[in-house]
Novice: 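Following this message is one structure expressed as structure tokens.
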Amino acid sequence: MPNGVVKRDLPVKTCPACARPFAWRKKWARDWEDVVYCSDACRKKR
């Protein structure tokens, strides 16, 4: 069994621009509470 966390166990949020769920990413580790959009494209589209 590999080390680490299974993707389905990661926290998930829903993007208000596209209404799709997106999961936690390591690059968002410091500011996960402030992440609202799933991508730059959705952030610009809002």
Novice: Under the rule for side-chain hydrogen bond (donor to acceptor under 3.5 Å, both in side chains), what residues qualify as partners of D9, not counting sequence neighbours?
Specialist: none
Novice: What are the two closest heavy atoms between K45 and C18, and how far apart are they?
Specialist: NZ-CB, 4.5 Å
Novice: Please table the atom pairs, donor to acceptor, closer than 3.5 Å between any side-chain atom in residues 22-43 and protein atoms at least two apart or in another chain.
Specialist:
from : atom 1 : to  : atom 2 : distance (Å)
S39  : OG     : C42 : N      : 3.3
D40  : OD1    : R43 : NH2    : 2.8

